[in-house]
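Atoms considered below: every heavy atom in the structure, side chains included; atoms not considered: hydrogens, waters and symmetry mates. In what follows, chains are A, B, ... by sequence order, proteins preceding strands, each numbered from 1.
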Protein chains: 2
Amino acid sequence: MEDLQRKIRSFTTVSDADMKFALQFYKKESVAKGSFLLKPDQYIDSFYFMKEGCVTYYTVDEGISQVMEFFTEGYFFTDLYAYIQEVPSHAYLEVMEDSTLYTISKKDVEKIFDYSHQLERFGRLSMQKAFINNFQRIHQIKNISNQERYLELLEKRPSLFQRVPQYLIASYLGLTPVGLSKIRKRLSKEAI
Amino acid sequence: MEDLQRKIRSFTTVSDADMKFALQFYKKESVAKGSFLLKPDQYIDSFYFMKEGCVTYYTVDEGISQVMEFFTEGYFFTDLYAYIQEVPSHAYLEVMEDSTLYTISKKDVEKIFDYSHQLERFGRLSMQKAFINNFQRIHQIKNISNQERYLELLEKRPSLFQRVPQYLIASYLGLTPVGLSKIRKRLSKEAI
DNA sequence: ATGATTTATTAAACCAGTTTAATTATTATT
DNA sequence: AATAATAATTAAACTGGTTTAATAAATCAT
């Protein structure tokens, strides 16, 4: 669990004793492509760390799916809204390729936050990070054109395009598959 | 500072001693309509609690303003992105009406988080709240039509329409003033 | 390898918004 | 109260996307 340890310490100082206490609660889990960690109307009690693999987080409203995020190596994730609020989820967490996760229950997360002030601080700072990510997402949606967002994703997370179908990327960008296809065509013409 | 105290305790249990420690750092401040708490390229070192009044949080990209939020009574606020990242802001915090705030510096916020585990927990939970608010914002943008968002705002925060000009509300909803005017016209026709 | 299924592209008609510009209504100032 | 300044509406032309449907390309299973 060295990658998980490194990730935790990227947020704040954590003593070896505190780290040992925290890590005891994480369980390694292998999940197969095509399976689901979560479906709508289920409660979610787990927090995940992605060691290796890819999970898509999306909702389905009136038959059309809305991709919120793709979780890949090094991401902490869950359906954070349903997890925090303890309400039935509206989302799917679908495993896109055979993946390895570290899993911890909410009860155990609360134990580690109770256990030490430093671990509570880690909790605060990781929540801060989640906020920043979301904030940047809103900024992108409000201030950046679809075409620019597509190009930025292509640059920042190129491997996604090998790992998930394009129609999910379209949804992530807030487009239909047709819309994304048009943008790609426009760009390929411009490039000539 | 009873309202501030009540607000803090709405997040988690805080002892009287811890509360006293925290409150000593907050300073009451009166700010006049038309003034700015923040302008682009400035750093922001303060966290605010809105006692009475209204502040608009917006960016200006290529001459067009993008309203992120309206902060009214009971809101904790700052330019959270610039505050956390300690980078020059891209935003304005403009005072829309004579307002009363409680202000605390980031240095002092960190003092109170260092001081007690309970206050650190308050920090974590308030960050969680900020995340949830942002998350719901994204959900709205992605899943709800402009018209529906307008109607929801009208229902949830009707007083805003008395307090800030309509073109700022349009921007908050992701529209131009013309676009919002059209929606309003459409709705008034339907109502007949 | 072949056929079946899924995914991506293309075309055409459409639409909810935009932009620009003119007009009207409201608010603030003297 | 009159005037100036600001804000909101309307109209007209436009646009970047949508929807629907057909076709082409890629992937999967036997």
Item to check | Listed partners of Thr103(B) passing side chain to side chain contact (heavy atoms under 4.5 Å, CB included), at least two apart | outcome: Glu29(B), Ser46(B), Tyr48(B), Leu101(B)
Item to check | Residue pairs involving residues 104-126 of chain A (criterion side-chain hydrogen bond (donor to acceptor under 3.5 Å, both in side chains); sequence neighbours excluded) | outcome: Asp18(A)-Ser116(A), Glu86(A)-Lys106(A), Ser105(A)-Asp108(A), Asp108(A)-Lys111(A), Asp114(A)-Arg121(B), His117(A)-Glu120(B), Glu120(A)-His117(B), Glu120(A)-Arg121(B), Glu120(A)-Arg124(B), Arg121(A)-Asp114(B), Arg121(A)-Glu120(B), Arg124(A)-Glu120(B)
Next on the checklist: If the helix axis at each end comes from five base pairs, how far does the helix from dA1(C)-dT30(D) to dT30(C)-dA1(D) deviate from straight, to 10°?
Outcome noted: 50°
Item to check | Residue pairs passing the side-chain hydrogen bond (donor to acceptor under 3.5 Å, both in side chains) test where at least one lies in residues 71-85 of chain A, sequence neighbours excluded | outcome: Tyr57(A)-Asp79(A), Thr72(A)-Arg157(A), Glu73(A)-Arg163(A), Tyr75(A)-Arg157(A), Asp79(A)-Ser89(A), Tyr81(A)-Gln136(B)
Item to check | Within residues 157-169 of chain B: residues closer than 4.0 Å to DNA chain D (heavy atoms) | outcome: Pro165(B), Gln166(B), Tyr167(B)
Next on the checklist: Side chains of Leu93(A) and Phe36(A), heavy atoms from C-beta outward: is any pair under 4.5 Å?
Outcome noted: no
Checklist entry - Within the structure, does a side-chain N or O atom of Arg184(A) lie under 4.0 Å from either OP1 or OP2 of dA8(C)? => result no
Compile the donor-acceptor pairs under 3.5 Å between side chains in residues 165-177 of chain A and protein atoms, sequence neighbours left out, one pair per line.
| residue | atom | partner | partner atom | Å |
| --- | --- | --- | --- | --- |
| Gln166(A) | OE1 | Arg184(A) | NE | 3.4 |
| Ser171(A) | OG | Ser65(A) | O | 3.0 |
| Ser171(A) | OG | Val67(A) | N | 2.7 |
| Thr176(A) | OG1 | Gly179(A) | N | 3.0 |

Item to check | Partner set under salt bridge (Lys or Arg N to Asp or Glu O under 4.0 Å) for Asp3(B), not counting sequence neighbours | outcome: Lys51(B)
Next on the checklist: How close do Gln42(A) and Leu37(A) get, counting heavy atoms only, and between which atoms?
Outcome noted: OE1-O, 4.5 Å
Checklist entry - Taking atom C1' of dT6(C) as reference, at what distance in whole Å does atom CE of Met96(A) sit? => result 13 Å
Next on the checklist: Can you build the contact string for nucleotides 11-20 of chain D? Use B for base contact, S for sugar-phosphate-only contact, and - for no protein heavy atom under 4.0 Å.
Outcome noted: B-----BBBB
Next on the checklist: Between Glu69(A) and Phe77(A), is there a side-chain heavy-atom distance shorter than 4.5 Å?
Outcome noted: no
Taking only nitrogen or oxygen atoms into account, show me every contact under 3.5 Å that the protein makes with nucleotides 22-27 of chain D, one pair per line with its distance.
none

Next on the checklist: Can you see whether Asn146(A) engages Arg149(A) through a side-chain donor-acceptor pair at a distance of less than 3.5 angstrom?
Outcome noted: yes
Checklist outcome for this item: Between Asp61(A) and His139(B) the two heavy atoms that sit nearest each other are OD2-NE2, 4.3 Å
Checklist outcome for this item: side chain to side chain contact (heavy atoms under 4.5 Å, CB included) filter on Lys185(B), not counting sequence neighbours, yields Lys189(B)
Checklist outcome for this item: Residues Met50(B) and Phe71(B): closest non-hydrogen pair is CE-O, 3.8 Å
Checklist outcome for this item: Across all chains, not counting sequence neighbours, the side chain to side chain donor-acceptor pair (under 3.5 Å) partners of Asp16(A) are Arg9(A)
Item to check | Non-hydrogen side-chain atoms of Glu148(B) and Asn143(B) separated by less than 4.5 Å | outcome: no
Checklist outcome for this item: Whether each nucleotide of nucleotides 24-30 of chain C has a protein heavy atom under 4.0 Å at its base (B), only at its sugar-phosphate (S) or at neither (-) is summarised, 5' to 3', as -------
Checklist entry - So, do Tyr26(A) and Phe47(A) sit near enough that their side-chain heavy atoms are less than 4.5 Å apart? => result no
